[in-house]
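Worksheet: one structure, shown below.
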Number of protein chains: 2
Amino acid sequence: MKPKISDVAKRAGVSPTTVSRVLNNRGYISEETRENVHRAMNELNYFPNDVARSLFNKRSNLIGIILPTTSNPFFGELTFHIENICASLGYKVLLCNSLNRIDKEEKYLEMLMRNQVDGIIVGTHNRGIINYHKQNLAVVAIDRHLSETIPVVSSDNYEGGKMAAELLISKGCQSIIHINGQKELETPAMLRRKAYEDVMMKNGRTPITFEIPEVFDKQSQQQVISQIFNECPDIDGLFASNDLFAASFITEAKKRGLSVPGQVKVVGYDGTETSQILLPELTTIQQPIASIAKTAVEILIKEIEGDFSDIPLQTRLPVKLLEGSTV
Amino acid sequence: MKPKISDVAKRAGVSPTTVSRVLNNRGYISEETRENVHRAMNELNYFPNDVARSLFNKRSNLIGIILPTTSNPFFGELTFHIENICASLGYKVLLCNSLNRIDKEEKYLEMLMRNQVDGIIVGTHNRGIINYHKQNLAVVAIDRHLSETIPVVSSDNYEGGKMAAELLISKGCQSIIHINGQKELETPAMLRRKAYEDVMMKNGRTPITFEIPEVFDKQSQQQVISQIFNECPDIDGLFASNDLFAASFITEAKKRGLSVPGQVKVVGYDGTETSQILLPELTTIQQPIASIAKTAVEILIKEIEGDFSDIPLQTRLPVKLLEGSTV
DNA sequence: CTGAAAGCGCTTACAG
DNA sequence: CTGAAAGCGCTTACAG
């Protein structure tokens with residue numbers, strides 16, 4: 001059996017209280033007993049049971065993260081950074097891949113609360129499924145508006161969309177199409193679309209946006225892309241709201257005998273490390289994934305520690321244009 | 001404050017014992033009191049504290065996963081599948097990105113044990129840092145030999161390596177190079193190298209393998225790739241042990257004015273969804289990521305439940321050649 | 001400087 | 001069918 005604090009106490013010839021004290025470095029302890037206790041712990045290969053600690057402290061040092069799926073490189077990288085920062089700060093991460101499905105998200109949320117997580121970072125977009133605040137849980141959203149009071153961290157979506165659209169226009173594209181998620185979602189990412197539309201209007205063009213359901217079914221994505229070519233045969237520019245859409249589009253364009261950037265120019269969004277390696281020629285708007293993660297964790301931990309003094313409700317981190325050879 | 005079982009009991013006019021019984025569906029309870037209790041739980045918005053439950057049950061339903069980083073699409077997808085399968089089976093996932101660093105892995109291991117995880121799935125390759133068994137923890141390794149007694153699940157690495165090498169030879173390549181991780185690691189993935197070497201020898205060629213340190217520093221990867229071109233100017237075939245290496249190689253080849261597959265043919269390994277979307281033309285050996293995940297979780301849970309009857313020490317899942325246009 | 005007692009929120013024998 | 005008691009492994013006032 002795993003040794004417990006009383007086993008250590010017995011072996012060191014002291015009380016459990018004393019062992020706990022040296023464990024937590026609290027109160028006065030003579031150097032001698034401290035050493036005895038440490039020796040006993042080593043001999044028994046003892047390490048504390050954090051479940052028992054959490055129960056007493058009402059603090060688990062656990063944070064939950066809910067996002068669509070780590071299979072998507074943006075979220076895979078985001079998850080890595082979040083977890084790593086958390087680890088360095090003494091927090092542990094409970095991972096939830098909701099696939100953007102409301103039913104799953106609800107179950108995960110309940111699971112996280114049962115497990116007494118101290119806070120949650122949410123990267124899925126189901127608005128207001130549960131009253132997060134009611135349970136006075138610390139929450140931070142990434143690129144999603146969850147409620148009026150939950151801080152959201154995102155890239156500067158409007159600026160990113162603007163850069164993309166303006167770049168395509170400056171390269172002489174006449175018929176520029178946009179691909180994005182569904183509009184009803186009202187995510188900050190919709191600002192990419194807004195910027196695209198604004199730029200188009202300002203330049204006397206008609207914005208056309210195709211919506212792709214973000215349910216991760218390849219079938220329907222493929223379908224929308226075919227649709228674009230069919231409905232807009234004169235397309236010569238595309239701004240995709242993520243790099244995977246951009247890549248699928250390029251693949252289909254080539255399949256149809258269109259050269260990129262010769263006949264169609266393409267700009268993506270995200271600029272993950274993975275897409276930089278696998279598709280370095282893609283011109284894209286890069287999100288600062290590491291700082292998004294860092295900011296989100298920092299805000300969350302402030303909330304957890306009850307320091308609400310200067311928590312920004314909106315944090316927009318700067319994007320960067322990565323010029324490849326697809327424009 | 002969060003309601004607890006005694007709050008529910010009070011409201012329902014019964015004892016905590018009774019509430020616990022309806023919660024766990026144990027023992028006889030009259031229909032009436034069951035309804036009363038349920039009503040009380042709803043009114044108070046009660047849900048059980050799993051930390052307290054874990055403490056009593058000595059069962060957390062938590063499993064830890066340690067892998068290099070979810071930033072790598074292979075591990076990102078693996079993580080997604082593992083987590084999703086676990087969720088469907090009532091297990092929760094504590095995520096650890098070790099970056100293949102021993103110091104980090106040790107800390108994570110201790111963290112997981114303190115948190116009383118029921119089992120661990122390990123995808124990093126530091127052999128024998130800790131005596132996993134000593135703590136009688138359920139452990140499964142993915143593509144890593146951790147010890148003689150820990151089950152390992154992997155793709156059929158030898159077969160995969162063989163297919164890749166034979167394909168390149170059949171396409172007429174004369175000077176075929178291999179890129180892999182470091183040999184000392186003795187991972188099952190080394191079988192990819194072994195197969196490559198066997199095929200080369202059998203065909204009267206000299207196998208040449210370049211080792212890339214798997215520490216995820218772009219710098220050194222880039223360096224090794226340049227080195228390949230410098231030391232083997234007549235290279236006309238490459239088998240990379242993962243798709244990211246393959247992609248970096250292709251990028252460098254093009255930069256040097258070499259056409260793929262015209263002058264150099266390339267075969268990768270992994271075949272993740274992400275690389276299928278971003279670099280669909282890559283010819284690669286696809287690992288069955290979903291079944292690797294499923295098998296690993298199933299074995300782990302058997303171990304956790306103490307059913308050691310038919311636990312295979314080695315599971316090799318079949319790979320599939322994905323023919324793109326890089327050979 | 002150290003220890004006995006109570007309690008974190010649950011569950012499970014044991015009685016009734 | 002239901003409840004009082006003890007205990008999971010820890011920690012923190014409170015005494016001494």
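Letters A, B, ... mirror the listed sequences (proteins, then strands); counts begin at 1.
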task = Look only at the side chain of B/Thr124 and the backbone of B/Asn100, and say whether a donor-acceptor pair between them is shorter than 3.5 Å.
result = no
query = Can you tell me if B/Thr79 uses its side chain to pair, donor with acceptor, with the backbone of B/Phe75 under 3.5 Å?
reply = yes
remark   = Heavy-atom closest pair (B/Tyr46 atom, B/Pro3 atom, distance to 0.1 Å) is CD1-O, 3.4 Å
message = By the 4.0 Å heavy-atom rule, please label A/Ser30 as base, sugar-phosphate, or nothing.
response = sugar-phosphate
query = At under 4.0 Å between heavy atoms, what does B/Asn24 touch on the DNA or RNA strands: base, sugar-phosphate, or nothing?
reply = sugar-phosphate
key: Donor-acceptor contact below 3.5 Å, side chain B/Asn42 vs main chain B/Arg39   = no
message = Donor-acceptor pair, distance only, cut-off 3.5 Å: does the side chain of A/Glu83 make one with the backbone of B/Asn97?
response = yes
Secondary structure of DNA chain D in dot-bracket form (Watson-Crick or G-U wobble, distances below 3.5 Å, | marking inter-strand pairs) = |||.||||||||.|||
query = Is there a donor-acceptor contact under 3.5 Å from the side chain of A/Ser154 to the main chain of A/Asp143?
reply = no
message = What contact category does B/Thr33 fall into here, base, sugar-phosphate, or nothing, at under 4.0 angstrom with non-hydrogen atoms?
response = sugar-phosphate
key: Toward the 5' end of DNA chain D, by each residue's nearest nucleotide, A/Asn49 or B/Glu31   = B/Glu31
request  = Please answer whether the main-chain N or O of A/Gln116 pairs with a side-chain N or O of A/Ser60 as donor and acceptor at a distance below 3.5 Å.
outcome  = yes
task = Could you check whether A/Val14 gets within reach of a base, just the sugar-phosphate, or nothing at all, counting any heavy atom under 4.0 Å?
result = sugar-phosphate
key: Atom of B/Leu112, atom of B/Gly64 and distance for their closest heavy-atom approach   = CD2-CA, 3.9 Å
message = Just to be sure I understand the rule, does A/Leu55 reach a base, reach only the sugar-phosphate, or reach nothing, if contact means heavy atoms closer than 4.0 Å?
response = base
message = Categorize B/Arg26 for me: base, sugar-phosphate, or nothing, with a 4.0 angstrom heavy-atom threshold over every strand shown.
response = sugar-phosphate
task = Identify the 5'-most and 3'-most nucleotides of DNA chain C with at least one atom closer than 4.0 Å to a non-hydrogen atom of chain A.
result = C/dC1 to C/dG9
query = Can you list every salt bridge (charged side-chain N to carboxylate O under 4.0 Å, His left out) pair that touches residues 51-73 of chain A, not counting sequence neighbours?
reply = A/Asp50-A/Arg53, A/Arg59-A/Asp118
key: Position toward the 5' end of DNA chain D (nearest nucleotide), B/Pro16 or A/Ala52   = B/Pro16
